[in-house]
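Since the structure comes first, as structure tokens, the remarks are kept for the end.
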Amino acid sequence: MQQKITLLVIALATVTACAPLNTYYRAGVSVDRLNRDTTACEVKALRDVPASVQVRRTPPEFVPAYKRCDSAGNCTIVPGYVIPGETITFDPNDGLRKRVEGQCMADKGYAPVSIPPCPDHVAKAATVGKTRTLPTLTPKSCVIRNRDGSFQIVARG
């Protein structure tokens with residue numbers, strides 16, 4: 001069991017390392033300031049557009065009984081059964097809350113960006129470190145994710 005959990009953690013870390021960095025961005029701002037501003041806007045959005053978690057249930061489906069016969073003419077009746085409905089949980093305010101958060105960040109001068117992951121050869125050649133101040137992005141910018149959750153933005157050669 002412990003081995004399965006370890007493999008799952010490694011798989012998730014690998015997938016995360018290959019994913020782009022989707023964040024709000026304003027060149028010249030410290031990462032600490034970005035994190036504080038993001039948290040403040042998330043809190044404001046949650047306060048202005050609170051969660052409204054709703055639960056719905058899809059209707060059950062009845063499959064009627066039927067007769068099954070083999071090639072020799074021997075028949076059996078397969079009894080009917082019920083497929084239970086599913087329970088679905090959703091928050092109809094989620095989209096609006098994300099828009100309010102985005103407006104708040106835009107008011108602070110940020111724009112949403114998606115920075116692609118660096119190719120392996122770029123990541124291996126880069127000096128180990130973490131971005132502390134957001135640099136100006138170029139078409140060659142890419143991100144290296146660190147094990148501690150931090151990231152490093154570099155330019156591909």
Side-chain angles (χ1 to χ4, degrees), residues 1-64 79-120 122-124 126-156:
M1 182 64 165
Q2 181 65 25
Q3 186 179 14
K4 287 182 183 180
I5 292 173
T6 303
L7 289 174
L8 180 63
V9 169
I10 290 170
L12 286 173
T14 302
V15 169
T16 302
C18 297
L21 174 65
N22 297 311
T23 187
Y24 292 103
Y25 208 87
R26 187 172 95 197
V29 171
S30 73
V31 172
D32 288 340
R33 175 69 185 265
L34 166 67
N35 291 336
R36 283 193 310 275
D37 287 345
T38 301
T39 299
C41 285
E42 287 171 342
V43 169
K44 177 191 181 321
L46 189 57
R47 185 177 46 244
D48 293 352
V49 186
S52 174
V53 178
Q54 297 184 16
V55 179
R56 298 281 191 266
R57 186 154 177 88
T58 60
E61 182 181 342
F62 177 70
V63 178
Y81 58 95
V82 174
I83 300 172
E86 292 183 48
T87 302
I88 301 168
T89 305
F90 67 100
D91 180 359
N93 290 347
D94 191 50
L96 177 59
R97 189 169 40 260
K98 287 187 186 335
R99 288 195 311 271
V100 169
E101 177 187 329
Q103 284 177 327
C104 176
M105 291 299 285
D107 290 347
K108 293 177 183 286
Y110 294 91
V113 297
S114 182
I115 306 168
C118 292
D120 283 342
V122 172
K124 288 177 183 170
T127 305
V128 177
K130 66 171 108 175
T131 297
R132 296 190 189 285
T133 301
L134 300 175
T136 300
L137 294 178
T138 70
K140 292 186 174 190
S141 295
C142 62
V143 67
I144 301 167
R145 291 180 184 264
N146 299 320
R147 292 180 189 261
D148 66 357
S150 65
F151 57 86
Q152 182 179 7
I153 299 171
V154 300
R156 292 175 279 216

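What you are looking at is a predicted structure, and each value in this text was computed from that prediction instead of being measured.
Note that CZ of Arg99 and CG of Asp94 are 10.5 Å apart. Values are rounded to the nearest 0.5 Å. The OG1 atom of Thr133 sits 10.5 Å away from the CD1 atom of Ile153 when rounded to the nearest 0.5 Å. Note that CZ of Phe151 is 12.0 Å distant from CD1 of Ile144, once rounded to the nearest 0.5 Å. Taken from OG in Ser52 to CG in Asn93, the straight-line distance is 5.0 Å, to the nearest 0.5 Å. Here the CZ atom belonging to Arg56 is positioned 12.0 Å from the OG1 atom belonging to Thr87, to the nearest 0.5 angstrom.
Within the 3.5 Å criterion, the main-chain N or O of Pro119 finds no donor-acceptor partner in the side chain of Arg156. Side chain of Arg57 to backbone of Gly85: a donor-acceptor contact under 3.5 angstrom is found. Under a 3.5 Å cut-off, the side chain of Ser141 and the backbone N or O of Thr138 do form a donor-acceptor pair. When atom types are taken as modelled, the side chain of Tyr25 and the backbone of Ser114 share no donor-acceptor pair closer than 3.5 angstrom. Put simply, the side chain of Arg97 never gets that close to the backbone of Glu42: no donor and acceptor are under 3.5 Å apart. Within the 3.5 Å criterion, the main-chain N or O of Glu86 finds a donor-acceptor partner in the side chain of Thr58.
Residues Thr23 and Thr38 have side chains not in contact (no heavy-atom distance under 4.5 Å, counting atoms from C-beta outward). Asp148 places a side-chain heavy atom less than 4.5 Å from the side chain of Lys130. Under the 4.5 Å side-chain criterion, counting only non-hydrogen atoms from C-beta, Ile115 is not in contact with Pro20.
Of all heavy-atom pairs spanning Asp91 and Ala51, the tightest one is OD2-CA, 3.5 Å. Of all non-hydrogen atoms in Ala45 and Glu101, the two that sit nearest each other are CB-N, 3.8 Å. Contact record, Pro135 with Ala27: O-CB, 3.8 Å, taken as the closest heavy-atom pair. Of all heavy-atom pairs spanning Lys108 and Cys41, the tightest one is CE-SG, 3.5 Å.
No more than 12 heavy atoms of other residues, nucleotides or ligands lie within 6.0 Å of OH in Tyr81, so this atom counts as exposed by the packing criterion.
The pair Asp37-Arg33 counts as a salt bridge, with a side-chain nitrogen and a carboxylate oxygen less than 4.0 angstrom apart.
Just one of Leu34, Val29, Leu134, Val113 meets the side-chain contact (heavy atoms from CB on, under 4.5 Å) condition when paired with Tyr24; it is Leu34.
Under the 3.5 Å distance criterion, with hydrogens and angles disregarded, no donor-acceptor pair is assigned to the side chains of Ser30 and Asp32.
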